[in-house]
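Here the structure comes first, spelled out in structure tokens, and everything after it is commentary.
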Amino acid sequence: MKFAQRINRVPPYLFVEISRKIAKKKAEGADVISFGIGDPDIPTPDSIIAKLAEASLDSTNHRYPETDGLPELRLAMSQWYHRRFGIELDPDTEILPLIGAKEGIAHASLCFIDSGDIALVPDPGYPVYSVGTWFAGGECEWMPLTPANNWLPDLSSISDEIASKAKVMWINYPNNPTGAIADQSFFKSAVEFALKHDIALLHDAAYTETYFDDYKPTSMLNCQGGMEAGIEFHSLSKSYNMTGWRVGMAVGNAKMIQALMTVKSNIDSGIPQAIQYMAIEALNMNDNQVRERNDIYESRRNKVVETLNSIGIQVDPPKASLYVWAPVPAGYDSATFTSLLLDEADIVVTPGSGYGPSGEGYIRLSLTINDNDMERGLARLKALDIPNR
Ligand SMILES: *Cc1c(COP(=O)(O)O)cnc(C)c1O
């Protein structure tokens, strides 16, 4: 068989490897507790499931959906966006429903990247930005995220030569895996940078609805020029505990939305219509439900941070996202500390190095684990005697 180079070029998807490791441990009879994957343990709210039951009985929903979704869905998305961020979007030209944000993120590269083109990609970062670039034949220019710069890319360190060649820049706040947030002044400088160098600014905003304390994330499109510079990706997965149902959206620049529609309409046939009705229900839901859900995550966050601090791993509580990003103890790297936790405490965490070279020296703990398992996992962590290396 003669496979395309892209098949061998991509590193194995991080979570596939972790899943294999967990399966092996479990087969050996271990009681493994996973802080690994960011997949909400809290079920989809009942009122949303009720919509699926209802819509599934209507035979008009048994047929092919449209790629760009029901007009009612795009309207609900624009109303949500207005309610949440105060921005008016045209439901017909500035919004495109996605089969999950991941799908749109991967396909967006096909809109901008030809063979040899450059994408500016955060390191560490959600792997789909780089893999989407490679699948399109492009090259990644890494933008290191470091604690010194509050896990934001240092735009001033990007040379004019690279900036003039780059076609897209990916950013993601609240951030996976670091839990970092960006304020409006960062978005403003990213928008200005993108406009100056004619780069499409692609903001993955999958975590705008998982926030803590007195913080509430904003939209890149709130900046002057934001609608000109790019698009923002949203997802109902983390926002409404709907990872299994696959609904997201791309919003912003109409020409970019149109290009994404060109790609998608030739590849997929949209979100199953009964699921679109679930999405409408979710988007119209009372914001108190989001707040109550976030209170659960916030209390878990506090426990994780407290436990880590108690064993000498100093972390600041993240203001948003579903992750605690923690430095590994001296003498360890991401892989050796991850292995120690799995071998000695049957705890799974994600090695930071799996998100890019600048993630080395960190681990990521996810808050999407039920309270009982979390308590047991944290007790093991607390009791762990970390050997000197
Ligand atoms: C979970 C996640 C997504 C994927 O969202 P889906 O809508 O479930 O595809 C996108 N971006 C980041 C950074 C994520 O962590």
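Keep in mind that this is a model prediction, so the values were computed, not measured. Note that ligands are numbered from 1 as they come in the structure, with each ligand's atoms numbered from 1 the same way.
Within 6.0 Å of CZ on Arg63 lie no more than 12 heavy atoms contributed by other residues, nucleotides or ligands. Within 6.0 Å of CD on Gln184 lie more than 12 heavy atoms contributed by other residues, nucleotides or ligands. By the 6.0 Å contact criterion, CD on Glu161 is open, its count of non-hydrogen atoms from other residues, nucleotides or ligands being 12 or less.
Within the 4.0 Å heavy-atom cutoff, Gly100 counts among the residues contacting ligand 1. Not close to ligand 1: Glu103, with no non-hydrogen atom less than 4.0 angstrom away.
Atom 11 (N) of ligand 1 has as its closest protein heavy atom Asp204 OD2, 2.6 Å. Shortest contact from atom 2 (C) of ligand 1 to any protein heavy atom: Lys238 NZ, 2.5 Å. Of all protein heavy atoms, the one closest to atom 5 (O) of ligand 1 is Ser235 OG, 3.5 Å. In terms of protein heavy-atom proximity, atom 15 (O) of ligand 1 is nearest to Tyr207 OH, 2.5 Å. Here the protein heavy atom with the shortest distance to atom 4 (C) of ligand 1 is Tyr126 OH, 3.4 Å. Given atom 8 (O) of ligand 1, the protein heavy atom at minimum distance is Ser237 OG, 2.6 Å.
Near Lys102, with a cut-off below 4.0 Å to any heavy atom, the atoms of ligand 1 are 6 (P), 9 (O). Close approach of ligand 1 to Ala101 is summarised as follows: ligand atoms under 4.0 Å from at least one heavy atom of the residue are 5 (O), 6 (P), 7 (O), 9 (O). Atoms of ligand 1 lying under 4.0 Å from any heavy atom of Arg246, numbered from 1 in the order shown and given with element: 6 (P), 8 (O), 9 (O).
Of all the heavy atoms of Asn172, the ones lying under 4.0 Å from any atom of ligand 1 belong exclusively to the side chain.
Atom OH in Tyr297 sits 12.0 Å away from atom CG in Asp295 (nearest 0.5 Å). Note that CG of Asp371 is 5.0 Å distant from NZ of Lys303, once rounded to the nearest 0.5 Å.
Every pair passing ring pair (Phe, Tyr, Trp, His ring centres under 6.0 Å) that includes a residue from residues 356-389 is listed here, sequence neighbours excluded: Trp151-Tyr362, Trp325-Tyr362.
Contact check on Asp41 versus Arg300 returns a salt bridge, with a Lys/Arg side-chain nitrogen under 4.0 Å from an Asp/Glu carboxylate oxygen.
Classified by interplanar angle (parallel below 30°, tilted 30° to 60°, perpendicular above 60°), the ring pair Phe85/His234 is tilted.
Legend: residues meeting ring pair (Phe, Tyr, Trp, His ring centres under 6.0 Å) with His107, ordered by chain and number and at least two apart, are absent.
The distance criterion of under 3.5 Å between nitrogen or oxygen atoms is not met by Tyr323 with respect to ligand 1.
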